[in-house]
Number of protein chains: 2
Amino acid sequence: MGDDGKIIDAEAVQAAKDGLPSEYSIVSLELFYKVFADTTRIKILFALKEVELCVYDICAALSLKQSTVSQQLRFLRQTGIVKSRQEGKNVYYSLDDDHITGVLLMGLEHINEKR
Amino acid sequence: MGDDGKIIDAEAVQAAKDGLPSEYSIVSLELFYKVFADTTRIKILFALKEVELCVYDICAALSLKQSTVSQQLRFLRQTGIVKSRQEGKNVYYSLDDDHITGVLLMGLEHINEKR
DNA sequence: TTTATATATCATCATATAATGATATGATGA
DNA sequence: TCATCATATCATTATATGATGATATATAAA
């Protein structure tokens with residue numbers, strides 16, 4: 001099992017290598033999936049899937065602390081998942097990407113089949 | 001911003017609440033997306049997307065330590081993403097779920113559009 | 001029955017990150 | 001201007017988790 005033993009199936013190994021995306025793509029994918037890999041962010045996204053909401057109402061709807069919500073919204077903003085719009089004292093958030101709803105629904109499908 | 005102030009748009013808050021999946025579903029979703037939220041697992045999955053591989057060859061193809069690969073394979077096995085088949089001293093892994101390839105490709109699509 | 005090989009597991013360490021309370025910023029109205 | 005409200009940011013803490021080396025298990029060959 002060492003580090004420099006001989007490969008068992010050289011052809012398969014080459015095929016595996018050829019199928020790999022670039023390192024940049026792999027890191028991008030990691031970040032993309034990470035967006036959905038947290039219950040707080042999932043809740044926020046499902047909430048925004050229904051309706052545009054200000055931070056205050058997200059806190060109310062999901063029973064979350066304001067700082068928690070703001071932190072996650074910043075993350076979602078920086079990854080281009082949500083967009084914001086200021087109106088007086090309030091900042092309204094909504095989904096910024098048409099795919100997001102699709103990604104969420106696909107996930108739901110998966111977990112429902114795996115039961 | 002306190003904890004028990006009044007809601008700004010009660011109707012929107014109710015809609016947001018109604019759109020939420022069950023707590024169980026949310027936790028399941030978190031786990032599902034977590035599978036793809038790590039570069040090592042992403043690499044393994046793209047490799048297995050092409051061809052069935054034994055642990056040894058996964059290590060070779062991806063330049064990863066054996067213990068690292070085994071750990072992640074265990075995780076992928078336990079979450080029903082990959083299956084294994086023993087043949088002599090070798091254990092061959094392959095994708096256990098038709099969706100997985102779809103999920104990977106959808107992710108690739110997303111990051112390619114977001115550029 | 002030794003020895004070698006392939007894989008799995010374990011314990012440890014380092015890192016990443018989510019939650020939280022406190023504080024800062026910025027807008028509105030008195 | 002001052003007070004209030006909504007949001008953002010910061011620092012801290014706790015937890016989760018990935019990588020790693022060492023070891024255990026299991027199969028096969030010598």
Side-chain angles (χ1 to χ4, degrees), chain A residues 1-9 12-13 26-27 30-31 33-45 48 52-79 82-94, chain B residues 1-9 12-13 26-27 30-31 33-45 48 52-79 82-94:
Chain A
M1 65 100 239
D3 247 332
D4 41 43
K6 42 219 155 318
I7 284 162
I8 286 154
D9 184 341
V13 168
I26 290 172
V27 172
E30 176 184 51
L31 180 61
Y33 291 120
K34 214 166 258 186
V35 166
F36 306 94
D38 174 80
T39 56
T40 299
R41 288 192 290 271
I42 292 173
K43 288 175 189 171
I44 292 175
L45 292 175
L48 294 181
E52 184 190 56
L53 289 167
C54 68
V55 178
Y56 197 91
D57 285 352
I58 296 175
C59 298
L62 306 179
S63 302
L64 294 170
K65 308 263 180 180
Q66 182 266 327
S67 56
T68 298
V69 171
S70 272
Q71 293 250 59
Q72 298 301 348
L73 284 173
R74 174 170 53 172
F75 178 71
L76 294 171
R77 226 185 311 124
Q78 286 172 345
T79 47
V82 304
K83 63 186 175 210
S84 61
R85 163 180 83 77
Q86 181 146 11
E87 187 178 314
K89 283 184 287 189
N90 298 316
V91 177
Y92 286 88
Y93 282 86
S94 55
Chain B
M1 62 100 237
D3 248 331
D4 40 43
K6 43 218 154 316
I7 284 166
I8 288 153
D9 183 342
V13 167
I26 290 173
V27 172
E30 176 183 51
L31 180 61
Y33 291 120
K34 215 166 257 187
V35 166
F36 305 94
D38 173 78
T39 57
T40 299
R41 289 192 289 272
I42 291 173
K43 287 175 189 171
I44 292 175
L45 293 174
L48 295 180
E52 184 191 55
L53 289 166
C54 69
V55 179
Y56 198 91
D57 285 351
I58 296 176
C59 297
L62 307 178
S63 302
L64 294 170
K65 309 262 181 182
Q66 182 267 325
S67 56
T68 299
V69 170
S70 272
Q71 292 250 61
Q72 299 301 347
L73 284 173
R74 173 169 54 173
F75 178 70
L76 294 171
R77 225 185 311 124
Q78 287 173 343
T79 46
V82 304
K83 64 184 174 215
S84 61
R85 161 180 85 78
Q86 182 149 9
E87 187 178 317
K89 283 183 287 191
N90 298 313
V91 178
Y92 287 87
Y93 282 86
S94 55

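Chain A is the first sequence line, chain B the second, and so forth, proteins listed ahead of strands; every chain is numbered from 1.
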With rounding to the nearest 0.5 Å, note down the distance linking CG in B/L76 to CD1 in B/I44.
6.0 Å
Drop me the distance from A/F75's CZ to A/L31's CG, to the nearest 0.5 angstrom.
5.5 Å
Nucleotide N/O of nucleotides 18-20 of chain D paired with protein N/O under 3.5 Å:
residue: D/dG18; atom: OP1; partner: B/R41; partner atom: NH1; Å: 3.4
residue: D/dG18; atom: OP1; partner: B/R41; partner atom: NH2; Å: 3.1
residue: D/dG18; atom: OP2; partner: B/R41; partner atom: NH1; Å: 3.3
residue: D/dA19; atom: OP1; partner: B/T40; partner atom: OG1; Å: 2.7
residue: D/dA19; atom: OP2; partner: B/Q72; partner atom: NE2; Å: 3.3
residue: D/dT20; atom: O4; partner: B/Q71; partner atom: NE2; Å: 2.7

Integer-rounded Å distance: D/dA28 C1' and A/I8 CD1:
13 Å
Sub-3.5 Å donor-acceptor pair from the side chain of A/Q66 to the main-chain atoms of A/T68, do we have one?
no
Using whole Å, what does the distance between atom P of nucleotide C/dA18 and atom CG of A/L73 come to?
13 Å
Which pair of non-hydrogen atoms, one from A/D9 and one from B/D57, has the smallest distance, and what is that distance?
N-OD2, 2.9 Å
Rounded to whole Å, the OH-P distance (B/Y33 to C/dT17) equals 19 Å
Provide the closest heavy-atom pair for A/L53 versus B/V13 in the form atom of the first, atom of the second, distance.
CD2-N, 4.3 Å
Within residues 84-93 of chain B, the residues having a heavy atom closer than 4.0 Å to DNA chain C are B/K89, B/N90, B/V91, B/Y93
Between D/dA24 (P) and B/Q66 (CD): distance, integer Å:
15 Å
Rounded to whole Å, the CD1-C1' distance (B/I58 to C/dA8) equals 13 Å
Heavy-atom closest pair, residues B/R41 and B/K34:
NH2-O, 3.0 Å
Integer-rounded Å distance: C/dA18 P and A/L62 CG
16 Å
Counting only N and O atoms by type, is there a donor-acceptor contact under 3.5 Å from the side chain of A/E87 to the main-chain atoms of A/K89?
no
In whole angstrom, give the distance that lies between atom OH of A/Y56 and atom P of D/dA8.
15 Å
Looking only at non-hydrogen atoms, find the nearest pair between A/S84 and A/Y93 and report the distance.
CB-CE2, 3.6 Å
All heavy atoms of A/Y92 vs all of B/I8, minimum pair found to be OH-CG2, 3.9 Å
Which heavy atom of B/T40 sits nearest to which heavy atom of B/Q72, and what is that distance?
CG2-CG, 3.8 Å
Treat a base pair as Watson-Crick or G-U wobble with both distances under 3.5 Å, then lay out DNA chain C in dot-bracket form, 5' to 3', with | for cross-strand pairs.
||||||||||||||||||||||||||||||
Any chance you could measure A/C59, atom SG, to B/I7, atom CD1, to the nearest 0.5 Å?
10.5 Å
Specify the separation, in whole Å, of atom CG of A/L76 and atom P of C/dA18.
10 Å
